[in-house]
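Following: one structure in structure tokens, then a few remarks.
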Amino acid sequence: MVDDCVRVAVPVPLREALDYLPPVVVEWPLQPGMRVRVRVGRRRLIGLVVATGVRSALPRNRLRPIEAVLDAEPLLDDATRELIRFAADYYHYPIGEVAAAALPERLRNGGEAQAAAIVRWRLTPQATPEHAALARAPRQRALVSYLLEQGADAAPLDTQSLTAFGAGVGVLLRELLAKGLVERVRESALAPAPGGELPPALHAEQRAAVDAVWPSAAAPGYATHVLEGVTGSGKTEVYMTLIARALAAGRQTLLLVPEIGLTPQLLARLRRRFAVPLAALHSGLADAPRRDGWLAARSGEADIVVGTRSAVFTPLPRLGLIVVDEEHDASFKQQEGLRYHGRDLAVWRARRQGVPIVLGSATPALETLQHARRGHYARHRLATRAGGARAPLLRILDIRHGKLEAGLSAQLLSAVRERLERNEQVLLFLNRRGFAPVLICHECGWAAQCPRCDAHMTYHAASNRLRCHHCGHETPAPPACPECAAPDPRPIGQGTERVEQALAAQFPDVGILRIDRDTTRRRGALDATLEDAHSGRFPLLLGTQMLTKGHHLPNVTLVGVIDADQGLFSADYRAHERLAQLLVQVAGRAGRAQRPGEVIIQTHQPEHPLLHTLLAGGYRAAADTLLSEREAAAMPPFTWLALLRAEAAQQTAALAFLNAARKVLDGLRRDVVDVLGPVPAPMERRAGRYRAQLLLRSGDRGALHALLARTLPELDALPEARRARWSLDVDPVDLY
DNA sequence: AGCACGCCGACT
DNA sequence: GTCGGCGTGCTC
């Protein structure tokens, strides 16, 4: 028997690829990385060839032939296919679904691997208004006359700039095309950047970092560099200089940014500096431009590719450098389906492709710091703030005894007033949107509960409605208690809406800008809102998380953290790490220009060791302490975790599956892997479904993965697996 | 995941 | 007597 079968990864939840016979009609040699159309059961699906010339374990008569070959050449190169293979193995996820996740929508659905060109039109030499074919077509004649007036050397015009001829101009052009009087000119959709902006002089630390990553003209090999730079220390300038070196060596750069970090400002900055094709890949992009950017990266046409986590799968034939900005950011971890970590895959890819990778952050993740401690990653610090700006002064404000106005202490309010009187900008941070996190009856104690989740409903005053922030369930706010009919249930606690209202009462003549998911819901609204924040019309800024991420607000001299206690007492093992990062990041918003900044942290726990360590020694000291705690608790980065989650309409079904899974695990050798649980999830019911989880932990990553690889096929076969929805989360970022 | 097959309940 | 419920098995 000849070994001529083709292994195809198809988007179905099967752990392995399926074997097919070669297509009946062979137009060109089939190669790994090409897309094919195959029958799977009764369906026709687009799959990716992962191997050719293989010998199938199945007899020939059980194999079907490939129906069609979609690509004349591989869509994915070796490096990208190996990355897909690695991700499928490491995250224990079906290879076909990983392959599907790696492709832009249009290509995943079998669309042609060709970019939409911008179509422009120009007259052919034989076109004159007197042409016989135009005798009975006055509108076409007018269009020809117009194009003639533009002169013979004029640049071809796109349909957009001809709209003066009405919406039907496309029809006119097509008729003229048929008559041979106009022709189409296609060109690349990648907008050429102006470039040319001169780079600022680097300070000594920046130069040292750049030279360490890219020392000479020749492209360096693999190394992971941690660029630890306080906010305002010029990390971006280091990236830019490295990109320039990669460009000079004829190499592409992949720049990965958090979801919220891919702003028009960042793109504009890159385009001002570099006159090269740049592709931006992010979730807000429509399908066609996303495909076009991806194809430009794959062809090597794009020199710079900027994208969010999924961009890590983009084929880059001339890759020379990877940068992950704000590498600690949680948005690099996908939280559904293939639960991969974009940063971790980027490091794997950098090693595979032999290129340097830079992980930049003011607050590196603990796992990144631990890699550096072990000597796997090189560490570079930028401690100097650009322009000589001083680091902000952090202050803990004990709010235990004083009166609070919507969560604001008198001391914080007077500090705000002082700054406002000096015409400086103030930023207040509260990580909770809405008016109040719970609505309570003062007479009987009833509290508004989400009918579908184990959670309180948040009261939103603007709409006078209750909304569950976990499942989206919404109801009108009841005018009276549903239990005892007492009027006017009370909103307890504060969200940004209430704080905004209280601030408006305190500072009636001051412009207040609230920035949270409710005020920036529309696409693009965040960018517009951030422009408002810069405009100077709003001396008082109030917002959630989204305000803390890397936006330059040079006039802010005071940052107020309204409630640090939330993060101090969260049950999650990463809560303290996240709080430390949050406080340092939010503090980074203050005093970036010449004015010194101040950060006031309100807390009921002024003696908390985390806050003290942070104040005394900064993020580095806090991270050191947190690492010791993790080591003592045998938690990551000193051990490795995998979380098996299950959910079902009945809690018994979810637990039954996890108990069965536990039995399977207990039956296999697992002396170096702890199995903890199953236990109900911290929020047991969410969106009407009961959730439970089983945690696996090991100090030996290889042993953990070997166990998972043996276990999962058995779990697929469990009858209980059909009665619950379940998933595996390798390296979970939170345990909820 | 789909999609079929298959075997028990209330309906044209 | 049939339509259809979702339990079970399979996809090269």
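Labels below follow one simple rule: chain letters A, B, ... track the order of the sequence lines, proteins then strands, and each chain is numbered from 1.
Across all strands, Arg722(A) comes closer than 4.0 Å to base atoms (heavy-atom distances).
Summarising the local packing, OH of Tyr93(A) is surrounded by more than 12 heavy atoms from other residues, nucleotides or ligands at distances under 6.0 Å.
Spacing between atom CG of Asn61(A) and atom P of dC12(C) amounts to 13 Å, rounded to whole angstrom units. The CZ-C1' distance, from Arg15(A) to dC12(C), rounds to 18 Å in whole Å. Rounded to a whole Å, the CD1 atom of Ile46(A) is 16 Å from the C1' atom of dA1(B). Going from atom CZ of Arg37(A) over to atom P of dC12(C) covers 15 Å, rounded to whole Å. The separation between Arg44(A) atom CZ and dC12(C) atom P is 12 Å, rounded to whole Å. Distance, Arg39(A) CZ to dC10(C) P: 19 Å, rounded to whole Å. Distance CG (Asp19(A)) to P (dC10(C)): 18 Å, rounded to an integer number of Å. Note: CG (Leu718(A)) to C1' (dG7(C)) measures 16 Å, nearest angstrom.
Taking 4.0 angstrom as the limit, Arg62(A) places a side-chain polar atom (N or O) nearer than this to OP1 or OP2 of dT11(C). OP1 or OP2 of dC6(C) has not a single side-chain nitrogen or oxygen of Arg723(A) nearer than 4.0 Å.
A donor-acceptor pair is defined here as one N or O able to donate and one able to accept, closer than 3.5 Å; such a pair exists between the side chain of Thr519(A) and the backbone of Asp516(A). Proximity of a side-chain donor or acceptor of Arg697(A) to a complementary backbone N or O of Leu641(A) within less than 3.5 Å is not detected.
Residue Leu696(A) is tested with Val730(A), Leu643(A), Leu665(A) for a side-chain contact (heavy atoms from CB on, under 4.5 Å); the sole match is Leu665(A).
Note: His705(A) and His92(A) have parallel aromatic rings, judged against thresholds of 30 and 60 degrees for the angle between ring planes.
Annotation: of the two residues near DNA chain B, Val12(A) and Arg42(A), the 5′-most nearest-nucleotide partner is Val12(A).
The Leu63(A) side chain lies nearest to dC12(C) when the options are dT8(C), dA4(B), dC12(C). Among the nucleotides dC12(C), dA1(B), dT8(C), the one closest to any side-chain atom of Arg43(A) is dA1(B). Of the candidate nucleotides dA1(B), dC12(C), dC3(B), dC12(C) has the atom lying nearest to any side-chain atom of Leu18(A).
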